[in-house]
Amino acid sequence: TLDFADGSGASQANKVFADTRTLAASAAEDLDLAGSLLDGLGNAVVFTKVKAILIVADPANVNNLQVGGDANSIPLFGAAADFIVVRPGGFFAWADPSAAGIAVGAGATDILQVANGGAGTSVTYSIVVIGA
């Protein structure tokens with residue numbers, strides 16, 4: 001269990017993006033954490049730091065998901081081109097409750113890319129991003 005209080009310091013967060021999304025065969029999408037995402041009320045969600053990410057691949061998927069790998073990725077992995085594979089029914093969870101989290105830099109390090117790892121079928125996934 002990881003609890004966040006309201007705010008932007010250590011063990012705090014005040015922004016959430018959550019959605020279930022579908023990608024066509026061989027497609028990728030760049031989730032812009034600095035302004036193009038909308039919360040459940042239709043308001044823009046602009047992160048300056050990310051504290052937690054959860055991505056769950058639908059068990060009915062045939063193809064894997066690839067998370068990361070964009071040139072303007074948030075600095076989550078060792079290099080911008082790095083990504084992880086999430087198999088059908090699997091999930092990726094990451095958290096940093098520190099005050100720093102992962103810094104999001106608009107236009108430079110603000111993308112979380114999710115890609116369909118194969119051709120022929122679409123993939124569905126659910127995502128939650130928590131931050132400030």
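Values reported hereafter were calculated over all heavy atoms of this structure, with side chains retained and with hydrogens, waters and symmetry mates removed.
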Hydrophobic cluster membership, with links at side-chain heavy-atom distances under 4.5 Å among I/L/V/M/F/W/Y: are [X] and [Y] in one?
X     : Y      : result
Val16 : Leu2   : yes
Val56 : Leu65  : no
Ile55 : Val104 : yes

Taking side chain to side chain contact (heavy atoms under 4.5 Å, CB included) as the test, write out the residues that go with [X], two or more places apart.
X      : answer
Ala108 : none
Thr121 : Val62, Asn63
Asn43  : Asp39, Leu41
Glu29  : Arg21, Leu23, Leu31, Tyr125

Has [X] got a side-chain atom pairing as donor or acceptor with [Y]'s backbone, closer than 3.5 angstrom?
X      : Y     : answer
Asp110 : Ala34 : no
Lys49  : Ser8  : yes
Ser73  : Gly68 : no

Legend entry - Nearest-0.5 Å distance that lies between atom OG in Ser126 and atom CG in Leu54: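 Result: 8.5 Å between the selected atoms.
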
Inset, instruction - Enter the distance from Gln12:CD to Asp3:CG here, rounded to the nearest 0.5 Å. - result: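 Answer rounded to 0.5 Å: 12.5 Å.
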
[X] side chain near [Y] side chain, heavy-atom distance below 4.5 Å:
X      : Y      : value
Ser26  : Asn116 : no
Val50  : Leu33  : yes
Ile84  : Phe77  : yes
Ile127 : Leu112 : yes
Asn72  : Thr109 : no
Pro88  : Asn64  : yes
Lys15  : Phe47  : yes

Inset, instruction - Verify whether one side chain among Thr124 and Thr22 offers a donor that lies under 3.5 Å from an acceptor in the other. - result: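 Yes.
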
Inset, instruction - Give the other cluster members for Phe83, using side-chain heavy-atom distances under 4.5 Å between Ile, Leu, Val, Met, Phe, Trp and Tyr residues; answer none if it is isolated. - result: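 Other cluster members: Val85.
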
Of the non-hydrogen atoms in [X] and [Y], which two are nearest, and what is the gap between them?
X     : Y      : answer
Ala25 : Gly120 : CB-N, 3.3 Å
Asp32 : Leu37  : O-CG, 3.5 Å
Ala44 : Gly35  : CB-O, 4.0 Å

Inset, instruction - Quickly, which of Ile102, Ile74, Ile130 forms a side chain to side chain contact (heavy atoms under 4.5 Å, CB included) with Ile53? Name it, please. - result: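 It is Ile74; the other options fail the test.
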
Legend entry - Residue pairs passing the side chain to side chain donor-acceptor pair (under 3.5 Å) test where at least one lies in residues 87-96, sequence neighbours excluded: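 Found Asp96-Ser98.
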
Legend entry - Full working for side-chain contact (heavy atoms from CB on, under 4.5 Å) between Val45 and Leu38: CA-CA 5 Å; Val45 179; Leu38 301 177; 5.8 Å; no

